[in-house]
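First the structure, in the form of structure tokens, and then the observations on it.
Numbers restart at 1 for each chain; the letters A, B, ... are given by sequence-line order, proteins then strands.
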Number of protein chains: 2
Amino acid sequence: MQKFIRIDMTTLQATTMDVPEKYAGLGGRALTSNFVNDEVNPTCHALGKNNKLIFAPGLLSGTSAPNSGRMSVGGKSPLTGTIKECNTGGSSSQKLAKMGIKAFVIEGMPKGDKFYIIKIDMNGVTIDEAPAEILGGCGNYDAIKILGEKYGTHVGIAIAGPAGEYRLPSANISFKDPDGNIRSAGRGGLGAVLGSKKVKAIIIDDKGAGKVPIANPEAFSAAAKVFAKAILDHPVSGQGLASYGTGVLVNILNEAGGLPSYNFSKGRVDHSDNISGETINATIAERGGDGKVSHGCHPGCLMRCSQWYPDKQGKYITSGFEYETIWGLGADAGIDDLDAIAYIDRAMDDVGVDSIEVAVAVATAMEGGLIPWGDGKAVLEIVKDIAKPTHIARIIASGTTVVGKVCGLYRVPVVKDQAIPAYDPRAVKGIGLTYATTTMGADHTAGYCISGNILKIGGYIDPLKKDGQIEYARAMQIGTAAVDSTGLCLFVYFGIADNPGGYQALIDMINAQYGINLTANDVDELGKSVLRVERDFNKRAGFTNAHDRLPEFMEYEPIEPHNVVWDFTPEEIDEVMNF
Amino acid sequence: MQKFIRIDMTTLQATTMDVPEKYAGLGGRALTSNFVNDEVNPTCHALGKNNKLIFAPGLLSGTSAPNSGRMSVGGKSPLTGTIKECNTGGSSSQKLAKMGIKAFVIEGMPKGDKFYIIKIDMNGVTIDEAPAEILGGCGNYDAIKILGEKYGTHVGIAIAGPAGEYRLPSANISFKDPDGNIRSAGRGGLGAVLGSKKVKAIIIDDKGAGKVPIANPEAFSAAAKVFAKAILDHPVSGQGLASYGTGVLVNILNEAGGLPSYNFSKGRVDHSDNISGETINATIAERGGDGKVSHGCHPGCLMRCSQWYPDKQGKYITSGFEYETIWGLGADAGIDDLDAIAYIDRAMDDVGVDSIEVAVAVATAMEGGLIPWGDGKAVLEIVKDIAKPTHIARIIASGTTVVGKVCGLYRVPVVKDQAIPAYDPRAVKGIGLTYATTTMGADHTAGYCISGNILKIGGYIDPLKKDGQIEYARAMQIGTAAVDSTGLCLFVYFGIADNPGGYQALIDMINAQYGINLTANDVDELGKSVLRVERDFNKRAGFTNAHDRLPEFMEYEPIEPHNVVWDFTPEEIDEVMNF
């Protein structure tokens with residue numbers, strides 16, 4: 001019987017119970033979003049006692065299904081005010097699943113200023129005061145090391161960095177990955193919610209845990225093999241990501257004219273070779289990289305997209321060095337030096353902030369005159385200073401909307417107060433519809449239309465034309481909501497989009513694990529139900545179609561090199577979520 | 001025939017036309033709100049070319065009606081995202097009315113960084129480049145002096161201070177008053193809109209203007225006399241305001257336990273005598289005050305509530321030294337020294353910011369640890385630095401919501417991102433309903449329930465009880481929307497609330513001026529129609545009932561000394577605007 005744990009930070013007591021009937025068939029995002037919609041008052045203050053954080057492994061997490069170790073974290077976002085599901089790698093999801101824990105919830109809020117550490121193991125939950133040495137500005141790298149010394153290096157760790165302690169709106173929740181480094185539930189400021197509940201870290205110790213029960217092990221194993229082959233057979237998920245990481249997209253988007261540059265004023269930079277995945281690959285090869293090149297964000301990953309980026313002496317700087325971060329600092333903020341970007345990426349992980357929100361905030365602050373364009377040194381200092389925090393660090397760590405306010409800017413690239421990521425919606429129109437309509441605020445991972453618009457995976461829809469984009473953005477968001485409920489990495493889509501057998505194998509794994517008979521239609525309905533639940537929350541929180549809009553400047557400023565504007569009408573945009 | 005002027009800042013051309021038929025019977029807020037709802041796209045960016053600013057005298061402005069010189073300014077607010085009507089004293093409203101100008105509109109936006117000065121006189125409109133000496137941090141006091149030297153001291157001036165130039169969300173539009181000092185269209189950041197349109201100042205030169213035509217001069221004169229007597233006969237409007245200014249409310253609210261103190265954590269301060277209207281009065285008497293004590297914000301004012309506050313040498317520091325400012329700095333931020341508060345008030349006028357928004361932002365920043373509690377010197381430096389602006393000055397001038405974000409605060413006293421003013425809604429429940437439901441974001445002037453809850457003017461409704469408050473807040477908002485359309489100062493209400501003849505005289509003046517036959521019911525309908533129009537705009541901008549809510553902490557934190565919480569249910573709140 002799976003367990004459901006409620007941790008009440010008001011009383012500092014935890015209760016372990018059976019999984020409520022209504023959540024029995026749910027996992028990952030389906031579970032977190034249903035729970036938040038059921039139990040969190042949509043008009044509550046995100047940093048108050050009425051918000052709740054829920055951590056849930058996906059349906060397949062903890063099994064031998066490839067790439068199934070993603071964990072969903074849900075709550076009301078202090079950045080956007082919407083419902084939020086953020087998913088992350090790291091080792092915690094699989095450990096929780098193996099421990100038989102369907103989800104745990106953090107609710108309430110203690111009195112006083114003390115911070116706590118929650119430890120979840122096979123004996124239950126303990127809540128202890130956090131040691132002073134990891135508080136008040138201690139970086140995540142050091143804190144994870146200190147916690148590893150205390151709790152053992154085998155444990156999973158989720159942690160609020162300095163930004164989370166200070167409840168800043170871009171604060172992420174950082175997760176220890178298999179190498180002891182950092183992965184993030186990055187977007188929407190859920191680290192600030194963890195900080196508001198005075199939880200510094202969560203230790204997941206699965207010592208003594210068994211295996212995830214599989215109803216039909218042979219069928220599961222057979223399906224997992226087909227699924228693994230689908231992933232490995234595709235050139236992107238089987239080879240490209242491991243070799244070049246997601247940074248491979250720099251040149252692709254630059255070539256497509258959809259690489260937003262200098263605060264979304266151009267679609268292409270001259271220095272893309274300086275910051276490309278190919279250059280990352282060559283640099284790692286040249287410098288050695290502690291013997292590593294790519295690795296997975298969680299055990300069982302076949303794609304290993306995370307690049308292990310070293311300094312000139314071959315010593316580790318950062319990993320999980322993603323395209324979106326490199327884009328934000330390298331193109332949008334015009335920092336043309338990979339090493340500078342890598343050090344900033346490390347600093348962002350260390351203070352615990354969303355690297356998309358902060359990179360876009362930096363670029364916006366450059367437009368506002370607070371930081372010189374392309375000044376990597378200045379940016380590194382500011383990001384490090386989030387640990388103090390200085391006034392400018394507070395501004396930047398509060399995200400792009402706040403930067404827009406304090407600089408009195410018109411050109412503020414956000415939807416629902418969340419920064420628009422690395423693909424310009426004027427030149428890649430499908431992703432623009434996702435940004436506008438997702439329940440999460442601007443988020444490429446909510447319906448990654450880059451696949452069909454740019455990568456020509458799962459079909460091709462001309463990125464510069466409106467034709468077919470509405471149906472495509474709708475389908476991608478529905479499918480993503482389903483995949484986000486499985487614990488699978490979103491990139492498995494590359495392997496199954498053009499391989500019906502791969503997609504069927506995904507469904508077969510779930511059926512074999514739970515002894516059920518889902519069809520493709522059921523999975524589609526699951527995705528739709530998740531979006532409906534999320535939209536219900538947002539509606540009750542005060543969101544309307546008027547919020548499903550891109551920044552006005554994109555309607556008026558053509559972006560080079562294609563000189564295209566954002567030209568979907570409000571009525572067309574509103575069709576995306578009409579299902 | 002009255003004129004309607006459109007000034008297009010994109011082309012730097014102005015067009016003078018007949019008043020559009022649909023606006024013929026409207027003035028002040030009724031005109032600005034109808035115009036904004038008709039012509040401004042509610043989802044536009046407030047700092048973009050699609051926003052428009054409209055300046056409109058009231059229906060009675062320019063006549064001999066007492067206290068009729070208020071001017072309404074309308075647009076979409078960059079602070080709240082709602083429609084905004086802000087009204088102000090100064091001499092411009094009466095000058096425009098005498099020039100036969102029903103309203104002027106500023107629309108579009110020029111290319112480039114140049115700022116302009118718009119001059120409106122009997123020959124039309126001229127647009128010139130602004131002189132460098134009044135730009136880039138020049139304070140309003142100096143700028144008004146320089147403009148007076150150039151255009152003559154008789155002209156009316158509206159100006160964007162440094163905060164408006166920098167488009168900061170708390171920027172007001174400052175207006176020269178009859179003494180050459182400063183009055184403000186304070187709330188909602190319309191100064192940032194003026195700045196976004198690159199308008200530094202507007203000169204209203206009424207040389208050669210005639211009189212406002214009156215259809216029935218004798219009836220008008222008779223009604224005006226009755227109206228004047230009603231104002232002068234009431235102890236508050238006839239004596240109290242002139243003697244003590246609005247600062248008289250400090251002790252009254254402190255006594256009532258409704259003076260929000262230390263960021264709304266208490267309802268009373270120990271040092272109220274240090275900051276009271278009585279102390280202001282005694283200080284002015286002792287110091288001399290350049291021979292002045294109280295004066296009016298516009299010619300023809302009978303109440304003269306504006307105190308002329310001098311330094312120890314008797315030299316002018318500030319005027320329009322209002323209760324809400326003194327409360328914000330003195331009680332909410334705990335600065336217990338009137339001189340310190342007066343210098344900060346002057347600095348706020350000089351940089352051109354809303355003294356309520358900034359005072360509350362300061363108190364919130366004190367809770368967030370950015371400024372020591374009660375430190376007037378630190379606050380003065382920060383407010384002065386808005387002219388530069390430093391990082392902390394940018395934060396403060398961006399308003400209370402932004403301070404809440406950068407400090408990760410839960411206790412953020414705003415509604416629709418606008419700071420809650422000087423009357424605690426837990427202990428004065430009627431005003432809480434106004435804050436929650438007004439179309440403007442938290443605003444006491446939108447339905448001043450203090451009258452019946454505290455001052456016992458126009459009846460008495462126990463401030464600590466819910467009974468009768470819904471109907472009262474509704475009636476006060478409807479009445480206010482009508483009064484805001486006449487050009488009359490809101491304080492005329494004190495004179496007419498318990499004097500039916502005074503109210504009838506108000507209606508008689510309008511009828512005599514325009515040769516019409518309005519009834520009290522028509523005036524009521526006018527008020528309702530204004531609120532409906534404003535709510536229509538807000539709804540299309542994405543606002544719902546979910547935004548008509550006070551901050552959550554007020555539901556949970558009882559306020560001393562009465563230990564009361566905010567206990568209206570959402571359903572009850574939503575009844576206020578059900579008419």
Side-chain angles (χ1 to χ4, degrees), chain A residues 41-51 78-79 109 163-169 171 189 192 195-196 368-370 389-399 401-412 417 539-549 551-553 555-556 570, chain B residues 41-51 78-79 109 163-169 171 189 192 195-196 368-370 389-399 401-412 417 539-549 551-553 555-556 570:
Chain A
N41 177 350
T43 59
C44 78
H45 194 293
L47 302 180
K49 65 177 178 181
N50 291 332
N51 199 1
L79 184 78
M109 186 176 279
E165 273 185 57
Y166 306 142
R167 304 170 306 277
L168 296 168
S196 76
L370 298 187
T390 58
H391 296 146
I392 179 72
R394 284 185 187 272
I395 291 170
I396 296 295
S398 295
T401 295
V402 165
V403 170
K405 295 277 182 196
V406 305
C407 294
L409 294 177
Y410 167 68
R411 305 182 70 264
V412 186
D417 290 339
K539 184 181 173 190
R540 291 185 299 125
F543 288 85
T544 72
N545 286 352
H547 301 99
D548 287 352
R549 302 290 177 259
E552 181 185 301
F553 76 87
E555 297 171 33
Y556 294 105
Chain B
N41 178 352
T43 59
C44 79
H45 194 292
L47 302 179
K49 65 177 177 180
N50 290 332
N51 200 2
L79 184 78
M109 186 177 281
E165 272 186 57
Y166 306 144
R167 304 170 306 277
L168 295 169
S196 76
L370 297 186
T390 58
H391 296 145
I392 180 71
R394 283 184 187 273
I395 291 171
I396 296 296
S398 295
T401 294
V402 164
V403 170
K405 295 278 182 195
V406 305
C407 294
L409 294 177
Y410 166 67
R411 304 181 71 264
V412 186
D417 290 340
K539 183 181 174 192
R540 293 185 295 123
F543 288 85
T544 72
N545 286 352
H547 302 98
D548 287 353
R549 302 291 177 259
E552 181 186 302
F553 76 87
E555 297 172 35
Y556 294 107

Which pair of heavy atoms, one from B:Arg167 and one from A:Cys407, lies closest together, and at what distance? NH2-O, 3.3 Å

Quick check for you: among A:Thr43, A:Leu47, A:Asn545, which has the greatest number of heavy-atom pairs under 4.5 Å with chain B? A:Leu47

How many angstroms lie between NZ in B:Lys405 and CG in A:Asp417, if you round to the nearest 0.5 Å? 6.5 Å

Can you tell me which portion of A:Ala541 sits under 4.5 Å from chain B's heavy atoms? Options are side chain, backbone, both or neither. backbone

Considering only heavy atoms and a distance below 4.5 Å, find which of A:Thr544, A:Asn50, A:Thr401, A:Leu168 pairs most often with chain B. A:Asn50

Side chain, backbone, both or neither: which part of A:Arg411 has a non-hydrogen atom closer than 4.5 Å to chain B? neither

Hey, can you tell me if B:His45 and A:Tyr410 have their rings parallel, tilted or perpendicular (30° and 60° cut-offs)? perpendicular

Checking A:Pro42 against chain B: side chain, backbone, both or neither under 4.5 Å from a heavy atom? neither

So, the part of A:Leu79 with a heavy atom under 4.5 Å from chain B: the answer is backbone

Sole residue of B:Leu370, B:Val403, B:Val402 in side chain to side chain contact (heavy atoms under 4.5 Å, CB included) with A:Arg394: B:Leu370

Closest non-hydrogen atom pair between A:Glu552 and B:Lys49, with its separation: OE2-N, 4.4 Å

For B:Pro551, is it the side chain, the backbone, both or neither that has a heavy atom under 4.5 Å from a heavy atom of chain A? neither

A:Phe553 versus chain B, heavy atoms under 4.5 Å apart: side chain, backbone, both or neither? neither

With a 4.5 Å heavy-atom cut-off, do B:Ile395 and A:Ile395 have their side chains touching? yes

Go through A:Ala192, A:Cys44, A:Gly195 and name the one with the most non-hydrogen pairs under 4.5 angstrom from chain B. A:Cys44

